[in-house]
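See below for the structure under consideration.
Values in this document were obtained by computation on a predicted structure and should not be read as measured data.
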Amino acid sequence: MENYYEHFVNKGNHPDKALILKQEDDYSFDNFNRDQALKLVNNIVAIVKKTDKKIGIKITINDEPIIQYYMDGLEYQGAKSWLDRKEKMVNLAHHSSYYAFLDNIKSHQYDKCIEDETYALCGGAFP
């Protein structure tokens with residue numbers, strides 16, 4: 001992506017990676033099933049509907065898609081592409097896509113993902 005660092009990295013204050021690792025730990029599940037996925041999506045959607053944001057959600061368990069939801073107003077193909085790219089980033093990094101983004105600022109270990117349009121080295125996906 002042209003101007004990746006100008007567009008994403010140099011925009012401002014980013015949290016410490018340790019905070020994101022703590023969130024990954026805090027929001028992990030010992031057990032997770034389809035019913036819990038549906039409840040989680042419904043809770044997230046209820047929260048987001050109180051804002052002016054539009055989101056797409058995709059939950060997979062062991063690479064099996066369990067639920068996908070796209071709010072009205074989202075362009076399906078674009079939203080689906082972003083979710084797929086973020087999921088691929090999580091699978092590569094074994095961390096959230098935001099952690100991988102923050103880690104890459106100094107390590108540059110995911111620089112190849114910046115130009116590879118099958119990955120999204122930015123926030124939005126959680127392991």
Side-chain angles (χ1 to χ4, degrees):
M1 166 185 251
E2 265 185 65
N3 302 318
Y4 173 83
Y5 278 89
E6 186 61 37
H7 187 76
F8 291 110
V9 177
N10 299 330
K11 274 197 167 178
N13 299 324
H14 298 290
D16 188 287
K17 291 188 308 183
L19 173 66
I20 305 305
L21 284 178
K22 182 174 181 341
Q23 288 178 351
E24 288 182 16
D25 186 55
D26 288 348
Y27 301 119
S28 66
F29 298 88
D30 291 328
N31 297 299
F32 192 71
N33 61 40
R34 288 169 174 81
D35 288 337
Q36 291 169 310
L38 181 59
K39 288 177 187 175
L40 179 61
V41 168
N42 286 334
N43 287 335
I44 292 170
V45 169
I47 291 166
V48 173
K49 281 187 175 182
K50 295 176 185 175
T51 72
D52 62 348
K53 298 187 183 325
K54 304 291 182 207
I55 63 166
I57 301 170
K58 177 181 179 183
I59 295 180
T60 60
I61 299 175
N62 298 324
D63 294 325
E64 180 184 339
I66 301 302
I67 190 167
Q68 291 185 48
Y69 175 80
Y70 302 92
M71 295 181 83
D72 289 336
L74 284 181
E75 189 274 317
Y76 170 75
Q77 286 299 332
K80 181 184 181 312
S81 174
W82 272 105
L83 291 177
D84 291 346
R85 293 171 63 196
K86 290 176 184 187
E87 178 184 17
K88 191 171 178 182
M89 192 69 237
V90 166
N91 290 337
L92 176 68
H94 303 287
H95 284 287
S96 68
S97 56
Y98 194 43
Y99 178 86
F101 164 79
L102 293 173
D103 189 47
N104 196 63
I105 291 171
K106 291 190 176 159
S107 75
H108 299 281
Q109 75 181 52
Y110 303 114
D111 276 353
K112 66 181 181 191
C113 299
I114 295 169
E115 298 299 324
D116 185 339
E117 292 187 8
T118 64
Y119 291 92
L121 186 58
C122 59
F126 211 79

Check: Would L40 and F32 count as a side chain to side chain contact (heavy atoms under 4.5 Å, CB included) if you check the C-alpha gap in whole Å, the side-chain angles of each, and the deciding distance to 0.1 Å?
Finding: CA-CA 10 Å; L40 179 61; F32 192 71; 4.2 Å; yes
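- Residues I114 and D111 form a side-chain contact, since some pair of their non-hydrogen atoms from C-beta on lies under 4.5 Å apart.
- Taking CD of Q36 as the reference point, atom CD1 of I67 lies at 13.0 Å (rounded to 0.5 Å).
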Next item on the list: Start with the C-alpha distance between D26 and K22, add both sets of side-chain angles, then the distance that settles salt bridge (charged side-chain N to carboxylate O under 4.0 Å, His left out), and finish with yes or no.
Entry: CA-CA 6 Å; D26 288 348; K22 182 174 181 341; 2.7 Å; yes
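- Other residues, nucleotides and ligands contribute more than 12 heavy atoms inside 6.0 Å of the NZ atom of K54.
- Crowding of F29 atom CZ: a count of heavy atoms from other residues, nucleotides or ligands under 6.0 Å exceeding 12.
- Using a 4.5 Å heavy-atom threshold, the side chains of K58 and K86 count as separate.
- Among all heavy-atom pairs drawn from N104 and Y110, the shortest one is OD1-N, 2.6 Å.
- Ring orientation note: the planes of Y98 and F101 are close to parallel, at an angle under 30° on the 30°/60° scale.
- Criterion: ILVMFWY side-chain heavy atoms under 4.5 Å apart, direct or through other members. Under it, F126 and I61 are not part of a common hydrophobic cluster.
- When every heavy atom of T51 is checked against every heavy atom of V48, the shortest pair comes out as OG1-O, 2.7 Å.
- Considering CG of D84 and NZ of K88, their distance stands at 10.0 Å, rounded to 0.5 Å.
- Closest non-hydrogen pair, L74 versus G56, comes out as CD1-N, 3.5 Å.
- I47 and M71 fall into different hydrophobic clusters, defined by Ile, Leu, Val, Met, Phe, Trp and Tyr side-chain heavy atoms under 4.5 Å apart, directly or through other members.
- Across all non-hydrogen atoms, the minimal contact from I59 to A37 is CD1-O, 3.9 Å.
- Taking the side chain as every heavy atom from C-beta outward, K80 and Y70 approach each other to under 4.5 Å.
- Taking 4.5 Å as the limit, some side-chain heavy atom of N91 sits within range of a side-chain heavy atom of D63.
- The two residues E24 and H95 come nearest to each other via the heavy atoms OE1-ND1, 2.8 Å.
- For the pair S97 and G124, the tightest heavy-atom approach, listed with the atom from each and the gap, is OG-N, 3.3 Å.
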